[in-house]
> 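Structure in structure tokens, see below.
Order of the sequence lines sets the chain letters (A, B, ...), proteins ahead of strands, with each chain counted from 1.
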Protein chains: 2
Amino acid sequence: MLKQERHNYILEEVRKQNKVLSSELSQKLSVSEDTIRRDLKELSDVGQIKKVHGGAMQNGYIPFSHKDREIYAHEEKVTIVRKAIQLIQDDSVVVMDGGTTNLELTRQLPLDLKATVFTNSLPIALQLSEHPGVETIFMGGKILRNAQVAVGLDVINFVADIHADICFIGTRSIHHVIGITDFDREETQTKQALISCARQVVSMPLSEKLNTTQPFKVSPIERVHTIITELAPDNPLLDNYRKAGLQIL
Amino acid sequence: MLKQERHNYILEEVRKQNKVLSSELSQKLSVSEDTIRRDLKELSDVGQIKKVHGGAMQNGYIPFSHKDREIYAHEEKVTIVRKAIQLIQDDSVVVMDGGTTNLELTRQLPLDLKATVFTNSLPIALQLSEHPGVETIFMGGKILRNAQVAVGLDVINFVADIHADICFIGTRSIHHVIGITDFDREETQTKQALISCARQVVSMPLSEKLNTTQPFKVSPIERVHTIITELAPDNPLLDNYRKAGLQIL
DNA sequence: AATACACATGCATGTTTGTGCATATTTAGT
DNA sequence: ACTAAATATGCACAAACATGCATGTGTATT
């Protein structure tokens with residue numbers, strides 16, 4: 001076993017249990033306690049863990065996990081989803097499209113939320129399985145490699161039987177006249193189906209996506225009920241949408 | 001063997017195993033360890049892998065890699081799936097049930113495999129989206145929180161339209177008379193559907209699962225064509241299955 | 001065809017690194 | 001303060017390493 005492997009294992013263990021004992025590690029990795037101590041010292045020297053007598057503990061708080069950092073404009077998206085959460089009542093039926101904003105929304109859902117969530121996004125479905133009160137139903141079909149969402153006829157058929165309270169639709173572009181647009185034809189058709197089955201349709205674009213367009217039309221603006229951005233609701237950028245009768249959060 | 005071929009092999013190996021040892025590579029590729037070290041150095045210099053003492057490891061953080069480490073009896077399962085890979089031909093249609101062994105099989109699939117894979121497991125679908133030649137279709141339905149697989153009528157209906165070449169069925173218990181059994185009723189029913197749509201059914205139990213049983217019956221032994229364990233095919237523990245007419249790998 | 005040249009590879013060399021053990025010292029908990 | 005466990009330190013040894021050099025192999029130039 002490579003030294004690096006031990007280090008990874010130790011870090012993993014610290015992350016999971018908050019502490020490790022030299023003696024246990026020595027046994028589990030079948031090396032001497034001296035070696036473990038040296039490992040712990042090295043990891044401690046670069047600030048990955050905190051060495052204590054008998055083992056090591058978690059160091060500081062890691063501000064954002066790796067995945068969080070990957071999300072583009074993470075801070076803004078958190079602002080958005082904070083506002084979105086209030087839209088989800090207990091016992092409601094939710095349709096959740098893919099996209100990083102929706103994934104973040106899923107992450108931030110209260111753990112005690114009781115709801116039924118339909119989704120076609122693999123990462124979102126995985127995230128939902130950590131919410132004990134949420135019944136998750138995955139709408140199957142062909143998986144788009146990049147977006148990691150299911151699309152196509154299978155999904156569309158699936159949706160046909162659903163009457164949801166609210167649908168969070170992933171939004172690549174939105175325009176106050178043209179509505180929501182996207183660039184993948186298959187994904188577009190699927191999104192249309194998602195939208196058609198929900199009483200309330202919510203779009204959560206970053207402000208930079210406002211009044212941009214893509215080749216394919218997902219939905220006219222009238223079909224969208226609520227729009228949430230990281231901006232304050234009274235921001236002038238949103239005036240056109242307010243005039244069009246949308247709820248702004 | 002050309003240098004470039006070695007490099008490809010090494011990268012593939014790192015992707016699959018998370019690490020490589022100079023000594024092993026030297027043997028397997030029958031070149032000196034010096035050459036391997038030079039290879040690793042070159043790959044490391046361009047950032048493809050990370051060189052460490054004794055070998056190399058994968059470079060960046062790979063999501064879910066920490067979960068892989070947690071897989072029970074990981075070594076044995078790698079042994080199993082190595083044998084299983086040869087069963088998957090290019091352009092075949094595969095049905096992949098959930099479970100850690102099947103997940104490992106998915107991870108070890110060659111990156112250039114061309115195939116269509118139906119699965120009801122979220123982690124497996126995610127893994128498959130990293131294989132450019134694989135068309136992934138997720139069979140949707142209610143998600144079981146623990147197993148992270150879809151079950152129920154939706155899946156069963158989905159399967160009805162499929163005629164697959166081969167089905168890898170997750171196996172919690174198998175018995176040479178009783179067949180495959182499991183403890184979750186809904187999962188059991190789903191597995192029955194998966195089995196019914198494939199020409200060849202493959203079960204990959206750890207040897208410790210042989211001749212154990214669970215409350216619910218998934219499949220009679222006659223419906224299983226191939227059984228793969230970490231044991232050598234001629235191990236006496238497998239005699240009963242051989243007599244029952246199963247292919248043993 | 002002959003030559004030059006770049007490159008890949010294996011081997012010999014001396015060096016560095018990782019590990020375990022023995023010993024002395026420090027620490028934490030009664 | 002006393003004691004057992006944990007730690008630090010020095011040492012020994014093997015494995016992994018870098019380096020220079022000789023050989024082979026293929027390609028381009030004359």
Side-chain angles (χ1 to χ4, degrees), chain A residues 1-62, chain B residues 1-62 65-66 68-71 73-76 78-79 82 110-112:
Chain A
M1 166 163 287
L2 296 167
K3 184 166 82 153
Q4 186 65 48
E5 285 187 274
R6 283 203 313 275
H7 285 196
N8 289 344
Y9 180 89
I10 291 170
L11 288 174
E12 196 63 41
E13 210 63 14
V14 168
R15 218 175 51 79
K16 275 196 318 211
Q17 324 225 20
N18 218 36
K19 67 158 186 181
V20 287
L21 304 179
S22 307
S23 49
E24 285 183 9
L25 287 174
S26 166
Q27 273 215 309
K28 209 159 265 171
L29 303 176
S30 48
V31 290
S32 76
E33 292 201 28
D34 300 75
T35 301
I36 295 295
R37 263 192 291 276
R38 279 187 271 245
D39 288 339
L40 296 181
K41 180 161 189 322
E42 285 170 34
L43 291 171
S44 177
D45 284 347
V46 293
Q48 304 241 47
I49 57 176
K50 191 169 123 212
K51 181 86 188 67
V52 296
H53 206 85
M57 302 200 54
Q58 213 165 28
N59 200 1
Y61 184 83
I62 304 157
Chain B
M1 166 165 290
L2 295 169
K3 184 161 82 153
Q4 189 60 50
E5 292 183 85
R6 283 203 312 276
H7 284 198
N8 289 340
Y9 179 88
I10 291 170
L11 288 174
E12 180 87 355
E13 207 62 14
V14 168
R15 180 188 70 79
K16 288 197 291 204
Q17 311 280 347
N18 240 24
K19 66 151 184 180
V20 287
L21 304 181
S22 308
S23 49
E24 284 184 8
L25 287 173
S26 165
Q27 276 214 309
K28 211 159 265 172
L29 303 177
S30 46
V31 290
S32 75
E33 291 202 26
D34 300 73
T35 301
I36 295 295
R37 263 192 290 275
R38 279 187 269 245
D39 288 339
L40 295 182
K41 180 159 191 322
E42 285 169 33
L43 290 171
S44 177
D45 284 346
V46 294
Q48 303 240 47
I49 57 175
K50 188 166 133 216
K51 180 88 188 65
V52 298
H53 202 90
M57 301 201 60
Q58 64 187 180
N59 206 355
Y61 174 86
I62 291 205
S65 68
H66 56 286
D68 296 339
R69 213 176 303 285
E70 284 174 19
I71 290 182
H74 183 253
E75 289 300 313
E76 289 81 353
V78 169
T79 311
R82 284 278 162 76
L111 272 181
D112 59 353

> Rounded to whole angstroms, how far apart are CG on B/L40 and C1' on C/dT9?
15 Å
> Do you know which two heavy atoms are closest between A/R6 and A/T35, and how far apart they sit?
NH2-CG2, 3.3 Å
> To the nearest 0.5 angstrom, please state how far the CD atom of B/E33 sits from the CD atom of B/E24.
10.5 Å
> For A/L2 and B/H53, which heavy atoms make the closest approach, and how far apart are they?
CD2-O, 3.1 Å
> Just how far is it from atom OG1 of B/T79 to atom NE2 of B/H74, taken to the nearest 0.5 Å?
10.0 Å
> Could you pull out the protein-nucleic contacts involving nucleotides 17-19 of chain C (nitrogen or oxygen on both sides, under 3.5 Å)?
residue, atom, partner, partner atom, Å
C/dG18, OP1, A/K3, NZ, 3.0
C/dT19, OP1, A/R6, NH1, 2.6
C/dT19, OP1, A/R6, NH2, 3.3
C/dT19, OP2, A/R6, NH2, 2.6

> State, yes or no, whether a side-chain contact exists between B/R15 and B/Q58 at a heavy-atom distance under 4.5 Å.
no
> Check A/S22 against A/I36 and note the closest heavy-atom contact, atom names and distance.
CA-CG2, 3.9 Å
> Report the distance from atom CD of A/E5 to atom CG of B/N18, rounding to the nearest 0.5 Å.
8.0 Å
> Give the rounded distance in Å between these two atoms: CZ of A/R37 and C1' of C/dA24.
13 Å
> For a 4.5 angstrom cut-off between non-hydrogen side-chain atoms, does A/Y9 reach A/K28?
yes
> What verdict does the side-chain contact (heavy atoms from CB on, under 4.5 Å) test give for B/V20 and B/L40, after you've listed the backbone C-alpha separation in whole Å, the side-chain angles of each residue and the deciding distance to 0.1 Å?
CA-CA 10 Å; B/V20 287; B/L40 295 182; 4.3 Å; yes
> Once you build an axis from the first five pairs and another from the last five of the helix from C/dA1-D/dT30 to C/dT30-D/dA1, how far apart in angle are they, to 10 degrees?
40°
> In this structure, how many angstroms lie between the C1' atom of D/dA6 and the NZ atom of A/K51, rounded?
8 Å
> Please list, by residue number, the residues of residues 20-29 of chain A whose heavy atoms come closer than 4.0 Å to an atom of DNA chain C; answer none if no residue qualifies.
none
> Quick one: is B/K41 getting a side-chain N or O under 4.0 Å of the D/dC17 phosphate, OP1 or OP2?
no
> Got a list of side-chain donor-acceptor pairs under 3.5 Å for residues 41-51 of chain A, not counting sequence neighbours?
residue, atom, partner, partner atom, Å
A/K41, NZ, A/D45, OD2, 3.1
A/E42, OE1, A/K3, NZ, 3.0
A/E42, OE2, A/K3, NZ, 3.4
A/K51, NZ, A/G55, O, 3.0

> With side-chain contact (heavy atoms from CB on, under 4.5 Å) as the criterion, how do B/K19 and B/V52 come out once you've worked through the C-alpha distance, each side chain's angles and the decisive distance to 0.1 Å?
CA-CA 10 Å; B/K19 66 151 184 180; B/V52 298; over 6 Å; no
> Report the residues that fulfil side chain to side chain contact (heavy atoms under 4.5 Å, CB included) with A/D34, sequence neighbours left out, ordered by chain and then residue number.
A/S32, A/R37, A/R38
> If every non-hydrogen atom of A/M57 is compared with every non-hydrogen atom of A/V14, which pair is closest and at what distance?
C-CG1, 3.9 Å
> What is the distance, to the nearest angstrom, from the CD atom on A/E33 to the P atom on C/dT27?
18 Å
> I'd like a table of atom pairs between the protein and nucleotides 24-26 of chain D - only N or O on both sides, under 3.5 Å - with the distance next to each one.
none

> Which nucleotide in the list D/dT9, C/dC11, D/dT7 gets nearest to the side chain of B/D34?
C/dC11
